[in-house]
There are 2 protein chains.
Amino acid sequence: MEELDPLLHQPLRTQLVAFLAGAGEQTFSDLKRQLAVSDGNLDAHLKKLLAADYVAVRKESGNGRPQSFFILTPQGLAALNDYVRALQRLLPLAGSGDGLPGGFPGRTLATD
Amino acid sequence: MEELDPLLHQPLRTQLVAFLAGAGEQTFSDLKRQLAVSDGNLDAHLKKLLAADYVAVRKESGNGRPQSFFILTPQGLAALNDYVRALQRLLPLAGSGDGLPGGFPGRTLATD
DNA sequence: CATTGACACTCTGTAATTCAGAGTTATAGA
DNA sequence: TCTATAACTCTGAATTACAGAGTGTCAATG
């Protein structure tokens, strides 16, 4: 069966990686605001992504107050693409236009 | 930000629900074989889906050996559709043809 | 008819994950 | 300098995920 990278297939991390992919380099505070998540939780998930080299950090300190900038690595981007492909194979996402108006393809769900 | 139903956004449960959506009513053993998962784990996740009314069970006993047939409920199907829509909004899944050949849209990932 | 084996679950405990808030360091303003 | 605030980081509790042991039923065999 289709394998879904457990590192990416988690609500907060999926959002996190998707956001980084779309928006590019982000500070800790920006991520915190955008994802509406607690400090500790964000830190924990970022740590996992850093440990897997899906995300890299660049720390700045000296001029203003210290800040960390987080960015998706090539590995992270590749993993995200694999993940999206796995989802597409698993869920018939494509083929029903934009929004799946009629319901999930394949079944009408007989409730008999 | 986009909310991803945590009940569905978990590797095994996503596969489980997607499989039920595509294949219709399935026995416990069929699910176990298809998803290559341990008894206890399958049971635990089915319990969650049953508790949420995403899945219903029909138990047969009398003629052969007792068997449980699991099927997606209308609520489960609706939740799955919502979930797919949420994914589509979160990840730019559509628009790049069949398989995202070029990479994730939106960024080329400057590693500078 | 008792016994053995296999199937179909279900229960229980452990390991891993997720999360929130307390703690730490550093800057900015009064 | 003293206080407030921003930007993290650490710690521990609660939830979740998982595997294997346990329970009950049926079929086959002697």
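Note that this is a predicted model, so its numbers are computed, not measured. The figures here come from the full heavy-atom set of this structure, side chains too, leaving out hydrogens, waters and symmetry mates. By convention in this document, chain letters (A, B, ...) are assigned in the order of the sequence lines, proteins followed by strands, and residues within each chain are numbered from 1.
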### Message
Under a 3.5 Å distance rule, please check whether A:T73 uses its side chain to pair with a backbone N or O of A:A56 as donor and acceptor.
### Response
no

### Message
If we ignore hydrogens and angles and just use 3.5 Å, is the side chain of B:R13 paired with the main-chain N or O of B:L8 as donor and acceptor?
### Response
no

### Side-chain H-bond candidate by donor/acceptor type, A:D30 with A:T27, under 3.5 Å
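Yes.
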
### Query
Is the closest side-chain donor-acceptor distance between B:H9 and B:D5 under 3.5 Å?
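B:H9 vs B:D5: no donor-acceptor pair found between side chains.
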
Would you say [X] reaches [N]'s phosphate, i.e. side-chain N/O to OP1/OP2 under 4.0 Å?
X	N	result
A:N41	C:dA20	yes
B:R13	D:dA17	yes
B:K48	D:dC18	no
B:Q10	D:dC18	yes
B:K47	C:dC11	yes
A:S68	D:dC8	yes
A:H45	C:dC19	yes

In whole angstrom, what separates [X]'s [atom1] from [N]'s [atom2]?
X	N	atom1	atom2	value
B:K32	C:dC7	NZ	P	9 Å
A:Q34	D:dA7	CD	P	14 Å
A:L42	D:dA7	CG	C1'	11 Å
A:F28	C:dT24	CZ	P	17 Å
B:L4	C:dT18	CG	P	14 Å

### Query
B:L12 side chain: which of D:dC10, D:dC18, C:dA8 is closest?
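The answer is D:dC18.
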
### Query
Quick one: the side chain of A:D39 and the base of D:dC8, do they pair up donor-acceptor inside 3.5 Å?
yes

### Pairwise distance NZ(A:K59) to CD(A:Q67) - rounded to 0.5 angstrom
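Between A:K59 NZ and A:Q67 CD, I get 12.0 Å after rounding to 0.5 Å.
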
### Query
Within the structure shown, what part of the strands sits under 4.0 Å from B:S38 by heavy-atom distance: base, sugar-phosphate, or nothing?
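Base, at least one base atom sits under 4.0 Å.
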
